[in-house]
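Only one structure is covered here, and it is reproduced in the block below.
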Number of protein chains: 4
Amino acid sequence: MPRSRSEQQAGADREVARTRVWRAAVELFAAKGFHGTGIRELADAAGLSSASLYHYMGSKDDLLFGIMRHSLLRLGAAAQRVSERTAEPGERIAGLVHVHVLSHALYPDETAVVDHELRALGPEHRKAAVALRDSYEDYWRRAVADGCDTGLFHAPERSVVRIALLEMCSAVAGWYAPGGPLGLDEIAAAHARMALAALGAPPEVQRAPFVTDVSHARRLVEEIWQVALPPGRA
Amino acid sequence: MPRSRSEQQAGADREVARTRVWRAAVELFAAKGFHGTGIRELADAAGLSSASLYHYMGSKDDLLFGIMRHSLLRLGAAAQRVSERTAEPGERIAGLVHVHVLSHALYPDETAVVDHELRALGPEHRKAAVALRDSYEDYWRRAVADGCDTGLFHAPERSVVRIALLEMCSAVAGWYAPGGPLGLDEIAAAHARMALAALGAPPEVQRAPFVTDVSHARRLVEEIWQVALPPGRA
Amino acid sequence: MPRSRSEQQAGADREVARTRVWRAAVELFAAKGFHGTGIRELADAAGLSSASLYHYMGSKDDLLFGIMRHSLLRLGAAAQRVSERTAEPGERIAGLVHVHVLSHALYPDETAVVDHELRALGPEHRKAAVALRDSYEDYWRRAVADGCDTGLFHAPERSVVRIALLEMCSAVAGWYAPGGPLGLDEIAAAHARMALAALGAPPEVQRAPFVTDVSHARRLVEEIWQVALPPGRA
Amino acid sequence: MPRSRSEQQAGADREVARTRVWRAAVELFAAKGFHGTGIRELADAAGLSSASLYHYMGSKDDLLFGIMRHSLLRLGAAAQRVSERTAEPGERIAGLVHVHVLSHALYPDETAVVDHELRALGPEHRKAAVALRDSYEDYWRRAVADGCDTGLFHAPERSVVRIALLEMCSAVAGWYAPGGPLGLDEIAAAHARMALAALGAPPEVQRAPFVTDVSHARRLVEEIWQVALPPGRA
DNA sequence: GATGAATGAGATTTCATTCAT
DNA sequence: GATGAATGAAATCTCATTCAT
């Protein structure tokens with residue numbers, strides 16, 4: 001625990017700097033890719049020297065992994081919360097689609113990094129990131145499986161559909177911008193309906209209120225993504 | 001026209017070399033990304049010196065653009081052929097899905113480059129590549145629009161659905177490998193059915209023969225991707 | 001003089017920290033060389049931050065010089081004590097070899113730094129260290145000269161032999177480890193005999209008791225190297 | 001085989017450049033140590049850009065290993081030639097001392113690198129260099145062993161003496177300069193006599209003609225060190 | 001007195017590319 | 001036409017050191 005006013009200040013400054021670096025990195029990695037982003041470019045964007053960047057964040061690879069881990073943990077937390085409160089597979093899929101779409105629409109850079117830069121990680125970090133991603137996708141896997149077992153869904157190969165749906169929903173990160181003709185809730189609802197349709201759920205399920213009602217997912221995503229950065233330099 | 005036996009030979013040698021480079025580039029760009037692939041690594045993989053690589057292919061950027069152009073032209077040609085022979089929007093969408101899925105499953109490296117490396121191109125080439133991609137997607141746009149106008153499809157925002165479907169179908173490139181539990185025709189058919197479902201097409205359309213019959217798309221894709229490399233050094 | 005209990009404590013803590021740094025530095029400089037050792041690596045090995053290292057020890061160069069000075073002073077003190085108590089050149093050379101060999105065997109890291117890192121010192125410190133080394137070697141120079149003048153030794157060029165002997169004896173630091181087939185006293189005696197032989201001393205001198213009796217040199221080396229670190233931050 | 005005049009020229013230019021780099025590296029590594037020498041400093045000294053330096057020589061570590069290998073092979077070749085033509089252990093030791101001393105006096109930089117920078121090599125290269133050094137020292141080992149077995153030498157521990165002699169003779173590299181009071185042949189002879197004395201060889205052996213006659217070692221060393229650089233970039 | 005924060009300068013190495021032949 | 005030679009610019013990362021508290 002910081003013991004003096006000035007130690008608190010130093011800690012706060014540190015967090016400010018770390019946040020600036022983090023944001024610059026997320027933005028640049030999303031826009032130009034990990035290998036397309038230079039460390040100096042990154043430092044410039046964050047207003048630091050490249051040496052300071054290392055002081056705060058460790059290597060470029062560490063930074064990338066930090067971003068991936070942070071984002072995947074958030075996606076996982078949201079999926080967990082959705083799964084806990086929805087017993088019924090149709091409703092669960094709708095909820096998962098909602099939080100996935102909202103996360104990708106509201107945090108397109110973070111999710112773009114997660115979705116595109118796995119291969120840029122070093123072997124150790126890659127293994128860890130893949131594990132996190134798999135544990136996220138497990139919520140989807142279970143939801144699809146439950147729905148198929150119940151007879152609600154009809155999927156040729158379950159993992160084919162799962163991947164298809166995930167990619168379909170991830171695409172939102174690539175084009176969504178606030179102020180478009182469709183509101184974000186409508187977009188999320190539309191994807192939920194498409195997902196259920198693709199899963200072969202009956203029309204009445206596609207029209208169920210839980211497909212349209214995005215409010216809970218909204219609150220969940222807002223809450224989960226609002227937390228601070230993880231502590232630095234593992 | 002080559003005038004002597006040895007000029008023919010030289011031309012053939014040239015094509016052999018160009019093809020080796022091209023294949024190495026497609027493979028490496030797909031696996032490690034454009035920025036993650038070095039020019040020397042590429043030359044090594046192709047069994048050439050980096051100077052020869054420039055001789056045959058021009059700059060790294062030229063090479064990437066060549067690959068994108070080539071692949072996008074093929075996708076475009078396939079979509080055009082499908083669109084010409086199918087008046088009915090449901091059948092047309094099914095055909096477009098078929099060729100898209102088959103192309104992505106059979107040429108995962110080429111399509112991965114197309115799907116992921118647009119941003120790595122220089123401004124000129126990027127503009128040209130975006131135009132090609134847009135002209136490919138136009139076939140999808142028109143199919144969706146026709147289906148919606150006819151009342152066959154029901155899409156909240158047409159381009160939202162179009163993008164969702166394209167991404168969903170592109171995902172196949174990431175996981176398909178021959179010899180899996182599902183045959184490639186089944187995969188293509190499943191995606192066509194999911195696409196039509198997502199578009200809100202009625203169940204009987206989702207079950208129509210043109211959804212399941214992939215044979216025509218097969219022939220088309222095989223024919224179109226079998227042609228030689230485009231002439232070198234734009 | 002410290003005035004309170006806690007000032008004494010602080011002073012003791014300081015000495016503990018300084019000793020930890022010193023030992024780490026000696027070990028690392030010996031193992032990897034001055035330029036091969038990073039300041040952070042050194043701080044880590046000592047369990048301090050690099051800033052604290054500066055606080056206690058000054059710059060890297062200061063630290064190196066401190067180690068050299070300290071070790072050279074000890075070698076010099078031992079040589080002085082030997083020279084004072086032995087009038088006869090044969091006995092004096094035997095004594096000098098004994099303390100040199102024992103010092104190098106028992107303190108291989110300190111002596112390795114002395115023997116290998118002179119060139120790494122900055123110009124000022126280097127001058128001072130060279131002076132200390134020369135004053136140590138002066139004891140050898142005088143012993144050789146006395147023996148030659150007496151007619152006991154026969155050396156073509158006196159300094160050629162002196163350097164040859166010094167290097168020969170220094171080599172022990174590179175390989176001696178307790179528990180080998182030869183005891184340390186035997187090693188010291190063997191080197192004394194070799195030195196006298198190389199100097200052309202008659203066989204009966206090579207077999208004299210002062211060649212074999214290492215006990216006095218033992219006590220001397222133990223006594224001299226047992227003293228505390230010199231006061232910090234020159 | 002180069003096919004044209006200009007290809008020959010290019011090859012020659014290349015050798016000129018490689019030789020310049022090599023010489024600069026030997027000089028700098030000897031003077032300041034491997035870690036004390038920067039790659040840019042090295043490139044400057046050779047009149048090249050640092051990128052060209054890599055083109056010619058590979059990494060700094062490669063360069064160091066190249067120098068060590070080259071020098072150790074030469075020392076080994078000389079020791080082999082000496083060992084082949086001298087059956088008698090006293091004469092053999094004298095010959096080994098001669099070539100060792102001459103090599104160290106005439107090529108003080110090369111031998112300094114060999115003697116001081118082993119630890120700076122990466123693990124792979126270090127292993128290889130240690131093997132080469134051991135194979136050189138084997139000639140010494142066998143000579144000492146033969147002399148002891150014959151009863152000509154008397155050594156407490158054979159390897160103790162071997163190392164002592166090697167170090168004694170290596171010291172010459174540190175101070176010899178042409179034009180001093182002693183000629184190089186006298187220096188070599190003096191060391192041979194000291195070595196035999198240290199080995200406990202009888203006085204008449206220490207005075208044998210083969211101790212004083214350095215001419216053969218001269219020719220050997222001159223011949224062996226006159227050959228070209230090894231081919232570049234392993 | 002003691003130390004976490006911070007950095008300018010520099011380390012080694014690789015980059016994509018051009019040039020002379 | 002084809003390629004070994006060559007390099008300026010930039011890559012990522014570490015260096016020894018200082019400073020504010």
Side-chain angles (χ1 to χ4, degrees), chain A residues 2-7 9-11 13-14 17-18 35-43 48-63 232-233, chain B residues 6-7 10-11 13-14 17 35 37-43 48-56 58-63, chain C residues 6-7 10-11 13-14 17 35 37-43 48-56 58-63, chain D residues 2-7 9-11 13-14 17-18 35-43 48-63 232-233:
Chain A
R3 277 164 304 182
S4 71
R5 169 73 186 72
S6 56
E7 281 183 18
Q9 187 53 40
D13 285 356
R14 184 180 173 76
R18 279 177 54 77
H35 289 305
T37 303
I39 208 94
R40 265 183 335 224
E41 189 178 10
L42 222 154
L48 270 68
S49 72
S50 65
S52 299
L53 200 150
Y54 277 85
H55 178 64
Y56 287 124
M57 293 301 200
S59 77
K60 208 182 158 193
D61 190 74
D62 291 340
L63 179 50
R233 290 210 76 153
Chain B
S6 60
E7 280 184 21
D13 284 357
R14 183 180 174 76
H35 289 304
T37 303
I39 206 95
R40 225 111 94 199
E41 186 179 10
L42 223 153
L48 270 69
S49 74
S50 63
S52 301
L53 200 149
Y54 274 83
H55 180 64
Y56 289 125
S59 77
K60 205 182 161 194
D61 190 73
D62 292 340
L63 178 50
Chain C
S6 60
E7 281 184 18
D13 286 356
R14 184 181 174 77
H35 288 304
T37 304
I39 206 93
R40 228 115 90 197
E41 186 178 11
L42 222 153
L48 271 68
S49 74
S50 64
S52 302
L53 201 150
Y54 274 83
H55 180 63
Y56 288 125
S59 77
K60 205 184 162 192
D61 190 73
D62 292 340
L63 178 51
Chain D
R3 277 164 305 184
S4 71
R5 170 71 187 72
S6 56
E7 280 183 20
Q9 187 52 41
D13 285 356
R14 183 181 175 76
R18 278 178 54 78
H35 289 306
T37 303
I39 207 93
R40 261 171 351 212
E41 189 178 8
L42 223 154
L48 270 68
S49 72
S50 64
S52 300
L53 201 150
Y54 276 84
H55 179 63
Y56 286 124
M57 293 299 200
S59 78
K60 209 183 158 193
D61 190 74
D62 292 339
L63 179 50
R233 292 210 75 156

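Which of E:dT3, E:dT18, F:dG1 sits closest to the side chain of B:Tyr54 comes down to E:dT18.
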Protein-nucleotides 8-11 of chain F N/O pairs under 3.5 Å:
from: F:dA11; atom 1: OP2; to: A:Arg40; atom 2: NH2; distance (Å): 3.3

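Rounded to a whole Å, the OH atom of A:Tyr56 is 20 Å from the P atom of F:dT12. Atom-to-atom, CG of A:Asp62 to C1' of F:dC13 comes out at 12 Å; the value is rounded to the nearest Å. As rounded to whole Å, 12 Å separates atom P of F:dA6 from atom CE of D:Met57.
Annotation: of the two residues near DNA chain E, B:Asp61 and C:Leu48, the 5′-most nearest-nucleotide partner is C:Leu48.
With hydrogens and angles disregarded, no donor-acceptor distance shorter than 3.5 Å links the side chain of A:Arg40 to the backbone of A:Ser50.
Separation of atoms NE2 (D:His55) and CG (D:Leu48) is listed at 9.5 Å; rounding is to 0.5 Å. Here D:Ile39 contributes atom CD1 and D:Met57 contributes atom CE; the two are 11.0 Å apart, rounded to the nearest 0.5 Å. Of the inter-residue distances, the one linking B:Asp62 atom CG with B:Tyr54 atom OH reads 9.0 Å to the nearest 0.5 angstrom.
For F:dA2, one of the phosphate oxygens OP1 or OP2 lies less than 4.0 angstrom from a side-chain nitrogen or oxygen of B:His55.
Here the closest non-hydrogen pair linking D:His35 and D:Lys60 is CA-NZ, 4.2 Å.
A stem is defined here as three or more consecutive Watson-Crick or G-U pairs, each with both distances under 3.5 Å; for DNA chain F these stems are E:2-21 with F:2-21.
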